[in-house]
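Read the structure below first, then the notes.
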Amino acid sequence: MTDSKKAPARPALKAIRGTRDLLPDQTPLWNHVETIARNLFARYGFGEIRTPVLEATELFARGVGEETDIVSKEMFTWEDRARAAGEGARSPESKAQLLTLRPENTAGVVRAYIEHQMANSGALRKLYYIGPQFRRERPQRGRYRQFWQIGAEVIGPPSSGSESPLRDAEILEMLASFLDELGVRGWRLELNSVGSSQDRVHYNEVLRAALQPIGSRLCADCQRRAVTNPLRVLDCKVPEDQALIGALPRIADHISADSQAHFDAVRAALEACGVPHHLNPRLVRGLDYYTRTTFEFTVATGLGTQNALLGGGRYDGLSEMLGGPRSPGIGFAIGEDRLILTLQAQQEEDAKGSGTSPRELLDAYIAPLSRAQDPAALALAHELRSAGLRIEVGDGSFKLRKSFEIADGLARHIVLLGEDEANSEIYTVKAFSSGEQTRITRAKLAEALRGLQSSSTNFVQ
RNA sequence: GCGGCUAUAGUUCAGUGGCAGAACGCCGCUCUGUGGCAGCGGAUGUCGUGGGUUCGACCCCCACUGGCCGCCCCA
């Protein structure tokens with residue numbers, strides 16, 4: 001640092017802000033969560049759909065809502081260049097298109113539902129997805145710019161029963177089962193009805209009128225919301241505002257009899273299934289397409305202030321907003337990153353005092369005793385792997401001591417492969433758990449290594 | 001987008017305006033076909049990036065970038 005070798009500062013390539021790598025010590029838990037979800041959803045008759053990560057910006061502007069925070073300030077949007085002259089463009093003035101990295105997946109699923117004319121079969125469609133979403137927010141625990149959602153949608157023409165309160169209750173019961181099956185403890189379901197789209201328009205006027213005289217006494221954020229999105233005032237957490245907000249007209253008093261009856265039926269079905277839930281008349285969701293039933297599952301451990309694990313609701317008018325046929329629907333999105341954080345926090349709680357958790361081991365480590373044995377070692381590994389075993393191969397340049405150190409903690413057995421073994425095809429095998437060492441013929445090796453295979457899977461890193 | 005805290009070895013973290021530290025991990029030897037233990041030895045690094053103050057900056061100041069916490073919002 002004293003002399004003049006100030007090299008040109010190299011940039012150091014790193015994952016960009018708000019994105020991250022999931023390494024092999026993490027991915028087993030992710031796969032576990034996704035496997036549980038896939039199996040469970042299948043039992044409820046859901047099929048998987050995969051939609052593009054890229055959509056036309058207009059889809060979200062119309063679907064999610066121009067005025068929402070997500071659309072107005074959190075999307076990764078850019079102008080895709082018009083086709084260049086050299087690309088054989090027929091029309092030289094083909095316009096550039098606004099594209100957006102999807103900030104959520106419901107709009108994309110409904111777009112696909114319309115595009116593939118799924119309404120025409122007349123059947124109720126049950127679709128689920130697992131994939132990354134993108135929002136340009138300030139990163140924080142449980143909040144990333146690329147984050148993963150596991151979600152599902154139930155949608156269809158009214159004649160398919162898509163409006164039935166039974167669908168709402170079924171979705172909520174499925175989510176409760178999902179969290180229980182994963183072992184998420186202490187979840188809480190909060191439920192509300194924001195009424196039909198007409199109810200919302202009506203209530204918005206009532207609310208705007210009620211806010212008019214008191215607006216100036218609310219916090220700055222609420223004053224802004226009172227104009228742009230009055231419903232969101234109900235979600236305010238500023239202590240000074242609570243008295244005023246509490247006195248505002250309530251949604252429940254301004255929804256139609258139909259909406260009220262629908263909501264009552266949802267709750268009755270939930271009671272019948274024994275799904276615990278709490279009414280929260282001030283639960284308001286930030287996406288414009290929600291109607292009637294809205295809900296949120298929260299959890300106390302692991303997430304700090306981002307305690308919403310998943311959310312969702314009805315969107316009876318979304319298909320029409322996107323130019324499709326009338327097709328009421330209901331869906332949800334689980335924050336997979338947050339779910340993982342919750343599970344990891346629980347595991348840490350559980351691990352307190354119970355020492356370290358074992359990790360999943362390979363079946364055997366093959367240790368060639370000299371470089372001359374390397375080819376034979378790889379051949380043996382191939383043979384055993386073909387037999388379905390999980391095998392790692394060492395290197396003939398390693399000292400035997402080193403091979404043992406590597407093998408222990410990585411595999412359940414070590415197989416020594418030296419000149420004797422190569423000639424005799426009788427291998428020396430040692431089991432780490434017992435310390436027992438035996439000599440086994442090549443023909444019986446796979447079978448011997450398979451014995452004692454641990455069937456329990458472990459996801460603790 | 002706003003406010004606060006923070007960035008030193010592979011990891012977790014000490015540290016002082018005057019030669020860069022510990023623990024764990026890693027490598028070697030004791031010990032050339034039998035590891036986990038132990039003893040001895042070794043290497044760690046543009047002290048996040050760029051500027052400024054200073055005789056001298058890892059330390060003080062500013063900016064930038066990243067992370068964390070809170071707000072906003074959401075999953």
Side-chain angles (χ1 to χ4, degrees), chain A residues 1-12 14-20 64 68-74 103-106 131-151 175 219-222 224-225 229 232 235-238 283-287 290 295-299 303-313 331-342 365 367-370 373 394 396-411 414-421 427-433 435-437:
Chain A
M1 73 181 62
T2 45
D3 55 21
S4 59
K5 64 162 184 197
K6 268 242 153 73
R10 47 202 147 125
K14 303 198 302 190
I16 64 174
R17 183 169 165 83
T19 72
R20 60 211 177 116
V64 176
T68 61
D69 282 24
I70 292 177
V71 172
S72 65
K73 55 189 196 199
E74 292 175 2
E104 57 96 60
N105 218 331
T106 298
Q133 319 293 334
F134 305 83
R135 291 181 202 172
R136 201 180 181 291
E137 297 184 274
R138 181 99 161 233
Q140 221 176 97
R141 180 179 182 83
R143 197 169 77 186
Y144 309 97
R145 290 187 167 190
Q146 175 176 338
F147 60 102
W148 292 71
Q149 286 188 335
I150 301 175
L175 285 167
C219 68
D221 280 321
C222 282
R224 174 180 51 78
R225 294 186 192 115
N229 199 346
R232 294 227 57 87
D235 215 17
C236 177
K237 277 124 195 155
V238 177
L283 175 68
V284 169
R285 320 236 72 246
L287 286 67
Y290 284 120
F295 55 87
E296 201 169 277
F297 282 73
T298 58
V299 80
L303 293 180
T305 184
Q306 316 284 273
N307 67 343
L309 200 57
L310 68 94
F332 63 84
I334 303 167
E336 190 175 3
D337 308 75
R338 292 183 182 178
L339 188 54
I340 299 279
L341 283 171
T342 301
Y365 181 94
L369 297 183
S370 75
Q373 309 304 330
S397 69
F398 295 165
K399 286 177 185 160
L400 189 57
R401 158 185 297 272
K402 180 170 172 176
S403 293
F404 265 89
E405 283 171 358
I406 295 173
D408 192 13
L410 183 66
I414 186 169
V415 177
L416 304 187
L417 176 48
E419 212 174 328
D420 294 350
E421 286 83 356
Y427 301 98
T428 307
V429 177
K430 187 161 184 172
F432 286 112
S433 56
E436 218 171 287
Q437 184 164 311

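In this text the structure is predicted, and so the values were computed from the model without any measurement. What's counted below: heavy atoms across the whole structure, side chains too, no hydrogens, waters or symmetry copies.
As a whole-Å value, the separation of A:Leu400 CG from B:G36 C1' is 13 Å. Distance A:Glu405 CD to B:C26 P: 8 Å, rounded to the nearest Å. Rounded to whole angstrom, the span from the CZ atom of A:Phe404 across to the P atom of B:U32 amounts to 15 Å. Taking atom CD of residue A:Glu74 and atom C1' of nucleotide B:C71, one finds them 13 Å apart after rounding to whole Å. A:Phe398 has its CZ atom 14 Å from the C1' atom of B:C26, to the nearest Å. Computed from coordinates, the A:Phe432 CZ to B:C37 C1' distance equals 16 Å when rounded to whole Å. In this entry the distance linking CG of A:Leu369 with C1' of B:U32 reads 12 Å, nearest Å. Atoms OH (A:Tyr144) and C1' (B:C68) sit 11 Å apart, rounded to a whole Å.
Closest contact between the side chain of A:Asp420 and the listed nucleotides B:G33, B:C72, B:U34 involves B:G33. Picking from B:U34, B:G67, B:C29 the nucleotide with the shortest atom distance to the side chain of A:Thr428 gives B:U34. Listed nucleotides B:C73, B:C74, B:U34 differ in distance to A:Ala308; the shortest reach to its side chain belongs to B:C74. Of the candidate nucleotides B:C68, B:A75, B:U34, B:U34 has the atom nearest to the side chain of A:Leu416. Of the listed nucleotides (B:C73, B:G33, B:C74), B:C74 has the atom at the smallest distance from the side chain of A:Arg135.
Dashed line: the shortest gap from a side-chain N or O of A:Lys399 to OP1 or OP2 of B:C29 is under 4.0 Å. Listed pair A:Arg338 / B:A75 fails the phosphate criterion, with no side-chain N or O lying under 4.0 Å from OP1 or OP2.
Ring-to-base geometry places A:Phe147 in a stacked arrangement with B:A75 (centre distance under 5.5 Å, plane angle under 30°).
One cannot find a donor-acceptor pair under 3.5 Å joining the base of B:G67 and the side-chain atoms of A:Gln140. Counting atom types as modelled, A:Arg138 pairs no side-chain N or O with a base atom of B:C69 as donor and acceptor under 3.5 Å. Residue side chain A:Arg143 does not reach the base of B:A75 through any donor-acceptor N/O pair under 3.5 Å, judged by distance alone.
Rounded to the nearest 0.5 Å, atoms CZ (A:Phe332) and CG (A:Leu309) are 11.5 Å apart. The line from CD of A:Gln146 to CZ of A:Arg136 is 15.0 Å long, rounded to the nearest 0.5 Å. A:Ile334 CD1 to A:Gln149 CD: the interatomic distance, rounded to the nearest 0.5 Å, is 9.5 Å.
No more than 12 heavy atoms of other residues, nucleotides or ligands lie within 6.0 Å of CD in A:Glu419, so this atom counts as exposed by the packing criterion.
Between the side chains of A:Glu421 and A:Thr428, at least one donor N or O lies within less than 3.5 Å of an accepting N or O.
Between A:Asp69 and A:Leu417, the residue whose closest nucleotide on RNA chain B is further toward the 5' end is A:Leu417.
Taking atom C1' in both B:G3 and B:A75, the straight-line distance is 24 Å, to the nearest Å. Between B:C61 and B:G4, the two P atoms lie 14 Å apart (nearest whole Å). Atom P of B:G33 sits at a distance of 32 Å from the matching atom of B:A22, rounded to the whole Å.
Across all strands shown, A:Lys430 has heavy atoms under 4.0 Å from base atoms, whether or not it also approaches the sugar-phosphate. If you check every strand for non-hydrogen atoms under 4.0 Å, A:Leu309 touches sugar and phosphate atoms only.
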**Prompt:** Reading RNA chain B 5' to 3', what string of ( ), [ ], | and . shows its pairs, if Watson-Crick and G-U wobble pairs count only when both distances fall under 3.5 Å?
**Reply:** (((((((..((((....[..)))).(((((.......))))).....(((((..]....))))))))))))....

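A cation-pi contact, defined as under 6.0 Å to the ring centre and within 45° of the axis, is absent between A:Arg135 and A:Phe147.
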